[in-house]
Every structure is written in structure tokens, then in C-alpha cells.
Amino acid sequence: ILFGGKVMLEGNLLREYYPWKGEVSSTLSKPHNMLCSDGVFYFYPFYQYAVESAKKGVLPLWDIYVGGGTNFLGNVTFPFFYPGTFLFYLLRFQDAWDWTFFLHFFLAGLGMFAFLRTLNLSRYSSLIGSIVYNFGGFAFTFVWLNEHIYPFPWTPWVFFCWERYRQKRLKIYYLLTALLFAIQFSIGQHIFSYYLCLIFSLYFIYFHFPVIFNKDLHRNFLKGILEF
């Protein structure tokens, strides 16, 4: 895909929908999953419209191609200001689509490996953890949706930077953690930002308020209740 001139999309879905039905080459295979249509009918056209507008020096505030027109820049599902889409302004659009996927998967694997190493896991264990994270169920379920893959690599890097700050108390890692949160929010998929904040909060509480997770304290507390 990266060097073959193809795009990682379910393009064969077009043969099942009007106005393309009957116009698309009959050599296309039948779609395996009719639910994988968002990339073809929603995200791909949105990205193309945004990139073409930006290259013309126009800020795409309004999309004239949807219904009678609709808000485009204010659409929270589209990451117009997300820095991870910079490849779209450097490469051919079709190439940038595929390389953006590859880059995010690479960053995700590298980030998880780096984070696990900060926890003093061996290189072998960190590599296994990185592979499991990079090729797990979530990644392969949403591999056809770039909007869901974009938040994927930043989670391990957030924890890596915070763990580094916790261990070394260097302000640069504190600032990097804040920057990575900002990048995460710029993607626009707020549900993933919510998950990251939730997991990070639990991680923070676990290491900075260990008394909450003290088993002896819990045992004595329960014992006191039962005696009462």
C-alpha cells in the first residue's frame, strides 16, 4: 500500500451505493464489511476538502458540499489543527493518507516500548508489550478509521513523559506531558481524550496517594466494620 499507489480504504463499497453503483469497475471485489463506510464517505472527502482549502490559503469555515452547507472548522470530529496531519501538506494526498497510518502505528509501538522501559521492564518484555499494544484488538478494529488511530500513539507517550518526570523531576518532562495532552485534545475525538484523562488520573492517584491502595489499611478498615 505504501509504495503501490493504493489507498487503505474500502473503496469497493462504492459499487454498492448510488450514484457510483454501475459506474465503478466490476473488477472490484465485493465489500467484506458494509459498516466500514465512514472512511470512504466521510473522512476521506473531509480531508481532501480541508487540504485543498488550506493549500489555497483558505480557512475552511464552511462546507458547501454537505446538504445545504454545514459548519466545517467547528466540527469536533475533524482534526484540522492536529499536527499529526502535516504529511497531507507535504505529500500527494493518497500517499499521505497511508503514510499517516504507518507513522502513527510506528509512534504507538515506540511509545509503549519506551514507557515499559521506564518501568524497569526488560527489553524483551517491553518489546512484547509494544507488539501487543500495536497489534491488539483496538488497533485492528479501527485501522480503517484514521480519526480513531490518531489518539492511539499519544497515550503511551503521555505516561512515558510523566513517569520520567516522576523519577527525575525534570520540568521538561512535565511540559512535554502537558503538550501531549494538548495534541490529544486537538484531534477532536473527545471520547478518547476522556479515556486518557481517566486512566491518567488513576495512575496519578496510585503513585502519589499510595495510602488509598494500602491493602493492610483496607483489611483493617473492613475488619473494623465487621466488628462494629
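Taking 4.5 Å as the limit, every side-chain heavy atom of S130 sits out of range of all side-chain heavy atoms of L116. Side-chain contact between L176 and F160 is absent, with no heavy-atom pair separated by less than 4.5 Å. For the pair F86/T100, no side-chain contact is recorded, criterion being any heavy-atom separation below 4.5 Å from C-beta on. With a 4.5 Å cut-off on side-chain heavy atoms, Y150 and T85 count as touching.
When atom types are taken as modelled, the side chain of S201 and the backbone of C197 share a donor-acceptor pair closer than 3.5 angstrom. With T155 contributing its side chain and F152 its backbone, the two residues share no donor-acceptor pair below 3.5 Å. Between the side chain of W157 and the main chain of A108, no donor-acceptor pair closer than 3.5 Å is present. Between the side chain of Q167 and the backbone N or O of L119, no donor-acceptor pair lies under 3.5 Å.
Taking the six-membered ring where tryptophan is involved, the planes of Y44 and F93 are perpendicular, since the angle between them exceeds 60° and thus also 30°. Ring geometry, Y47 versus F88: the interplanar angle falls from 30° to 60°, so the pair is classed tilted. Ring orientation note: the planes of H104 and W154 are nearly perpendicular, at an angle over 60° on the 30°/60° scale. Ring orientation note: the planes of Y165 and W162 are tilted relative to one another, at an angle of 30° to 60°.
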Give every donor-acceptor pair under 3.5 Å between a side-chain atom in residues 62-71 and any protein atom, sequence neighbours left out.
residue: D63; atom: OD1; partner: Y65; partner atom: N; Å: 3.0
residue: N71; atom: OD1; partner: G74; partner atom: N; Å: 3.1

Please list, one pair per line, the donor and acceptor atoms closer than 3.5 Å that link side chains of residues 53-61 to other protein atoms, with sequence neighbours excluded.
residue: S53; atom: OG; partner: Y49; partner atom: O; Å: 2.8

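Here the CG-CE distance, from L127 to M112, works out to 12.5 Å after rounding to the nearest 0.5 Å. Distance check: Q184 CD to F192 CZ gives 8.5 Å after rounding to the nearest 0.5 Å. Rounded to the nearest 0.5 Å, atoms CD1 (I149) and CD1 (I187) are 10.5 Å apart. The CG atom of N120 sits 9.5 Å away from the OG atom of S126 when rounded to the nearest 0.5 Å. The CG atom of L107 lies 9.5 Å from the CG atom of N134; values are rounded to the nearest 0.5 Å. One distance of note links OG1 of T177 with CZ of F181; it measures 7.5 Å at 0.5 Å rounding.
In plain terms, the two heavy atoms of R123 and R117 that are nearest each other are N-NH1, 3.3 Å. The minimum heavy-atom distance linking L180 with C161 is given by the pair CD1-SG, 3.7 Å.
Ring-centre distance between Y133 and F113: not below the 6.0 Å cut-off.
Within a 6.0 Å radius of OH in Y174, other residues, nucleotides and ligands contribute 12 heavy atoms or fewer. Around the OH atom of Y195, the shell of radius 6.0 Å holds no more than 12 heavy atoms that belong to other residues, nucleotides or ligands.
A search for ring-ring contact (aromatic ring centres under 6.0 Å, His included) contacts involving F81 returns nothing, not counting sequence neighbours. With sequence neighbours excluded, no residue forms a side-chain hydrogen bond (donor to acceptor under 3.5 Å, both in side chains) with S186.
Every pair passing salt bridge (charged side-chain N to carboxylate O under 4.0 Å, His left out) that includes a residue from residues 164-189 is listed here, sequence neighbours excluded: E163-R166.
Annotation for I128: hydrophobic cluster partners, listed by chain and number, are Y124, V132 (ILVMFWY side-chain heavy atoms under 4.5 Å, direct or chained).
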